[in-house]
Amino acid sequence: MIARASSRRKEHGLSRRERNHVPMNTRHGGFLRIGIAAAAMLLGAGATAQMQMANHLIDGITGPAFTLTAKAAYLSTPEGNSIYFWGYAGGDGPAQYCGPTLIVNQGQAVTVTLRNELPVPTSIVFPGHTGVTAAGGSPGLLTREAPAPAGGTAGTVTYSFTASRPGTFLYNSGTRPDLQIEMGLVGALIVRPAGFNPMMPATWRAYTTGDTAFDQEFLFLLTDMDDTIHSEVELQVLIGGPIVADTAAYFPVYWFMNGRAGPDTMAPAGAAYLPHQPYDCMPMMRPGEKLLMRVIGAGRDPHPLHHHGNNALVIARDGSPLRAPSGPGGGAGADLAYSVFTIPATPGGTTDAIFTWTGRGLGWDIYGHAPGDPLAPYEDPEDHGKPFPAVLPTLQDMTFGQMYSGSPFLGTLGSLPPGEGGFNASAGFMYMWHSHAEKEIVNNDIFPGGMMTMLMIEPWHMMP
Amino acid sequence: MKYASLNNLALLCALCFLGANTSRGVDIYVRAEKTSLTLPDGKTVEMWGFIRDADNNFATLETTAGYGFQGRSIEIPPTGAGNTLVIRLFNRLDVPTSVVIPGQNGYAAAAPHATFVDDLGRTRARSFVAETAPGAVGVYQWNNVAAGTYLLHSGSHAALQVQMGLYSPLTRQQSNTSPYPGVQIPASRQATLLFSEIAPDVHDAVQEGNYGPTPVDPARQMTSTMHSRPRYFLINGVAYSQAAPPPDIVLGGNRNNPLMLRLLNAGLDAHVPVVGGLPVSAIAEDGALYRYPREQSAVFLPALKTTDVVLTAPVGARLPVYDRRLGLVNDTQSPGGMLVYVQN
Ligand SMILES: [Cu+2]
C-alpha cells in the first residue's frame with residue numbers, strides 16, 4: 001500500500017489536503033495507552049521507521065470566504081451508469097457530488113456566496129448554526145434563494161455566520177429540499193476548534209477537550225439516490241419544461257459515501273475518471289491510532305454505518321460534544337460518550353466517533369511473534385506470542401486475491417507465486433465498513449457496491 | 001358482519017367498565033368518528049378521528065376543534081384529580097376500536113383484549129386492550145398519570161386505525177409552570193407539533209368499502225397497509241400549502257426565555273424535525289425526562305415516538321419547522337408537506 005497511499009495523496013487536483021509528517025514518537029502526546037516496554041519500543045521504532053502513510057485530514061477547501069456554484073453534471077456509478085445530478089462546485093470548478101467540504105476555524109466569520117446556474121431557484125441552509133444571515137437573491141421558504149439565471153447571468157445570494165463552535169456539520173439546499181437534496185445539493189462543513197494546526201498532529205482535536213484528540217480523520221457523508229427522479233429532471237431540463245418530480249414515490253437504488261458508490265469509494269481521491277466525485281472514502285490507520293469518523297446523514301433515509309474491526313466511541317452529535325453541562329459547582333460535566341459498532345446516521349444529522357484498533361482480543365499474535373520477541377508498537381500483551389489458530393495450506397493449494405500479502409501477519413510479506421498479490425505491499429489488514437442495511441451495499445441491484453468501503457490497517461513498519 | 005358476536009362481547013365488557021368506574025379522576029369524553037380531510041391539492045380523504053366532545057357528555061354530540069389528528073393536546077391538569085384519567089370512548093365507527101397510551105403505565109385493565117378466530121381455527125389477538133364495539137361507550141382508566149408528552153392511539157388493528165387518524169397528543173405538566181421536574185417553562189412558551197402521514201390509497205379503499213376480507217369490488221380489494229406509502233405529510237393535521245399556508249404557531253410569554261416544542265410522530269415512517277436549523281436541546285423522550293439534555297439540530301423521530309426539545313430563539317424570529325426526512329410535498333405538488341412556522 002505504500003505506492004497506493006502516496007498516489008492517493010498526489011492525485012489531488014481538485015481539493016487541498018492538509019497533511020503532515022512528524023516523528024512518530026511525538027505523535028501521540030498524552031494518549032499512549034500502552035505499557036512502558038511498548039513505549040520504549042515505539043521510541044526505538046520511531047528513530048528508524050520508514051514513513052508509509054501520513055496522518056490524514058479530511059479533504060476540503062478552506063475559508064472562511066467561499067463561492068459555491070450550483071450547476072448540473074453527470075456522476076458515475078461503478079456498474080456503468082452515468083447519472084445527471086445537481087451539485088455544488090467550488091468557484092468555477094466542476095460540479096461535485098458531494099459538494100466541496102468547507103473547512104473553517106472556530107470563531108471565523110464565514111461567508112458563502114452561492115451562484116446559481118441551475119434552471120430553478122436554489123439556496124443553502126446551514127443547520128446547527130445560530131445567527132445565519134442571508135443577503136441578496138429573493139425570499140424563499142427556509143432562507144433567501146439565488147434565482148435561476150436570467151439573461152445568461154447567474155443568480156446569487158450570500159450567507160454569513162460566525163463559526164462559533166467546532167464540530168461536524170452539513171449544508172444542503174433549502175429550496176424544494178425533497179428534490180434538490182436528492183439531486184445532489186449537499187456537502188460537509190467542518191469547524192476546527194481553536195488551537196488546531198493542520199501541520200501539528202499534536203494539536204488535532206475534534207472539539208476543545210483532550211479526549212477528542214485524533215491521529216487520522218475521515219469523512220463518511222452518506223447519501224441515497226433514486227435515479228428515476230434524475231432521469232425525469234434531466235429530460236425536463238433538456239426540453240425546457242417545468243421541473244415536476246414525484247419525490248413521494250422515492251425509491252433509492254444507489255447509495256454513496258462521500259459521493260462515490262463502492263468500490264469507487266476506495267479509488268484514489270481526485271481520480272481522473274471521476275471528475276465530479278473527487279472525494280474518496282477509504283479510512284486508513286496504524287494500530288493504536290485514534291481515527292476520527294465524521295459521519296453525516298446527508299440523504300433522505302437513515303443509514304446504519306457498520307464499522308468492522310472494533311467498536312467506536314461516539315463523542316458528539318450534530319456538532320455538540322456528548323458531555324453533560326457542568327453542575328452548579330462548575331467543573332466538567334459527565335462524559336456521555338458511548339461505544340457502538342454501528343453508527344446510525346440520521347438525515348440532516350452528524351455523528352463523530354473515535355475508532356481505535358490494536359488487534360486486541362483476536363486471540364492470536366497478529367505479528368506472528370514468538371513468546372520471547374519484543375512487543376510491536378501498541379501490541380496488546382495479552383495475545384503476545386499466541387500462535388495463529390489455523391494451519392495454512394501450501395501455496396499449491398491456495399488461490400490468491402490481489403490484497404493477500406503472502407502472510408496472515410500484519411506487516412509481513414510472504415512468498416507468492418509470480419503474478420499473484422501485489423496490491424498490499426505493506427501487508428496491511430482490511431475490514432469492511434458498510435451500511436448495515438445490507439440492501440444498501442449494491443449499485444442498482446449489483447453486488448458489491450453502494451455504501452461500502454474498507455478500513456486499511458497499516459503496520460507501523462515492515463517486519464524484517 | 002364478521003365481528004357481530006364479538007361486538008356483543010365487547011359491549012358487555014364496556015358496560016362492565018361503566019359499572020366498575022365512578023367519575024373520580026379526570027373524565028375525558030371522546031368519540032371515534034368518521035370525518036374527512038381536504039388536502040391542499042383538493043384531494044379529500046376519509047379520516048377516523050378521536051373527536052373531543054365539547055360538553056363532556058354524549059347526550060349531545062358536539063365537537064371541540066383541533067383535537068385528535070389535528071394535534072391539539074388532551075391536557076391532564078398537573079395536580080389533584082389528574083392522577084386518575086378516565087377516557088370515555090363513544091365508538092361511532094362501524095368497527096370496534098380502543099385507546100392505548102404507550103408510556104402511561106397505570107392502565108387499569110378491567111377486561112381482556114379482543115380476539116378473533118382465524119381461518120385455521122386459531123384464536124388470535126385483535127387488539128392491545130379491551131375493545132369498544134360500534135355504538136358502545138367504553139371506559140378506559142389510567143392511574144398515577146405521569147407528566148410528559150404521550151401519543152394516544154387506537155389499540156385495535158393499529159396498522160390500519162392509526163393510519164386512518166385515530167391518534168392524539170396527550171400531555172401533563174409537572175406543575176403549572178413546569179413540564180418536567182426541574183424544567184421551568186410555562187405553558188405559554190410551549191407548542192405541540194404532531195407529525196403524521198396520509199397514504200391516500202388506504203383511505204380510499206376504506207371509504208369505498210374495499211379494505212379487508214369482504215370488499216365491495218373484489219378487483220379493488222386492499223388486504224393490508226403493507227404496500228402503501230404516504231403521499232401527504234401533515235403537522236397538526238395540516239399540510240403546508242403556498243396558496244393557503246397554515247397559520248404560524250405564535251408563542252407568547254417572555255420571548256427571551258427558552259421555548260419548548262413537544263414533537264410527536266403518528267406516521268408509520270420516521271421523520272426528522274428541524275427547527276429553523278437551530279441547535280435544540282432534547283430533554284425528554286417517550287414522556288421520560290433525560291438525565292442530561294441531548295443537543296441536536298436534527299431530531300430523529302421514529303413512528304409513535306415523542307420527543308420534547310427546548311431552544312432559545314431570537315426574539316421575533318419566525319422559525320420554519322420542517323421534516324429533514326423530506327416529507328415536503330402534497331402528492332406531486334411542491335412546496336408542501338411537513339412545514340410550519342413557529343414565531344417567537
Ligand atoms: Cu459486515
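A note on names: the letters A, B, ... follow the listed sequences, proteins ahead of strands, and every chain is numbered from 1.
Of the two parts of B/Pro230, only the backbone, made up of N, CA, C and O, holds a non-hydrogen atom closer than 4.5 Å to a non-hydrogen atom of chain A. In this structure, chain B has heavy atoms under 4.5 Å from both the backbone and the side chain of A/Ala249. At a 4.5 Å heavy-atom cutoff, the contact between A/Ile181 and chain B is made by side-chain atoms alone. Contact annotation for B/Val274: neither backbone nor side-chain heavy atoms come within less than 4.5 Å of a heavy atom of chain A. Using a 4.5 Å cut-off between heavy atoms, B/Leu339 touches chain A through its side chain atoms alone. Both the backbone and the side chain of A/Thr130 come within less than 4.5 Å of a heavy atom in chain B. With a 4.5 angstrom heavy-atom cutoff, A/Leu170 touches chain B only via side-chain atoms. For chain B, the nearby parts of A/Leu142 are the backbone and the side chain; heavy atoms of each come within less than 4.5 Å. Only the side chain of B/Tyr322 comes within contact range of chain A, with heavy atoms under 4.5 Å apart.
For residues 225-244 of chain B, the set of pairs meeting the salt bridge (charged side-chain N to carboxylate O under 4.0 Å, His left out) definition, not counting sequence neighbours, comprises A/Asp246-B/Arg231, B/Arg231-B/Asp331.
Of the inter-residue distances, the one linking A/Arg300 atom CZ with B/Asp323 atom CG reads 8.0 Å to the nearest 0.5 angstrom. In this structure, the separation between CD on A/Glu182 and CG on B/Leu326 is 9.0 Å, given to the nearest 0.5 Å.
For residues 284-302 of chain B, the interface with chain A (any heavy-atom pair closer than 4.5 Å) comprises B/Tyr292, B/Pro293, B/Glu295, B/Gln296, B/Ser297, B/Ala298, B/Phe300, sorted by residue number.
For the set A/Ala248, A/Pro344, A/Pro127, A/Gly319, the count of heavy-atom pairs under 4.5 angstrom toward chain B peaks at A/Ala248. Contacts with chain B were tallied for A/Ala334, A/Pro302, A/Gly349, A/Pro321; A/Pro302 has the most, counting heavy-atom pairs under 4.5 Å. The greatest number of non-hydrogen atom pairs below 4.5 Å with chain B, out of A/Thr350, A/Leu322, A/Val132, A/Asn172, is found for A/Asn172.
B/Arg325 has its side chain within reach of A/Asp301: a pair of non-hydrogen atoms, C-beta onward, lies under 4.5 Å apart. Looking at heavy atoms from C-beta onward, B/Ser334 lies out of side-chain contact with A/Leu179 at the 4.5 angstrom threshold. Here the side chains of A/Leu141 and B/Tyr341 are in contact, with some heavy-atom distance below 4.5 Å.
In terms of modelled atom types and a separation under 3.5 Å, the side chain of B/Arg324 and the main chain of A/Ala298 share a donor-acceptor contact.
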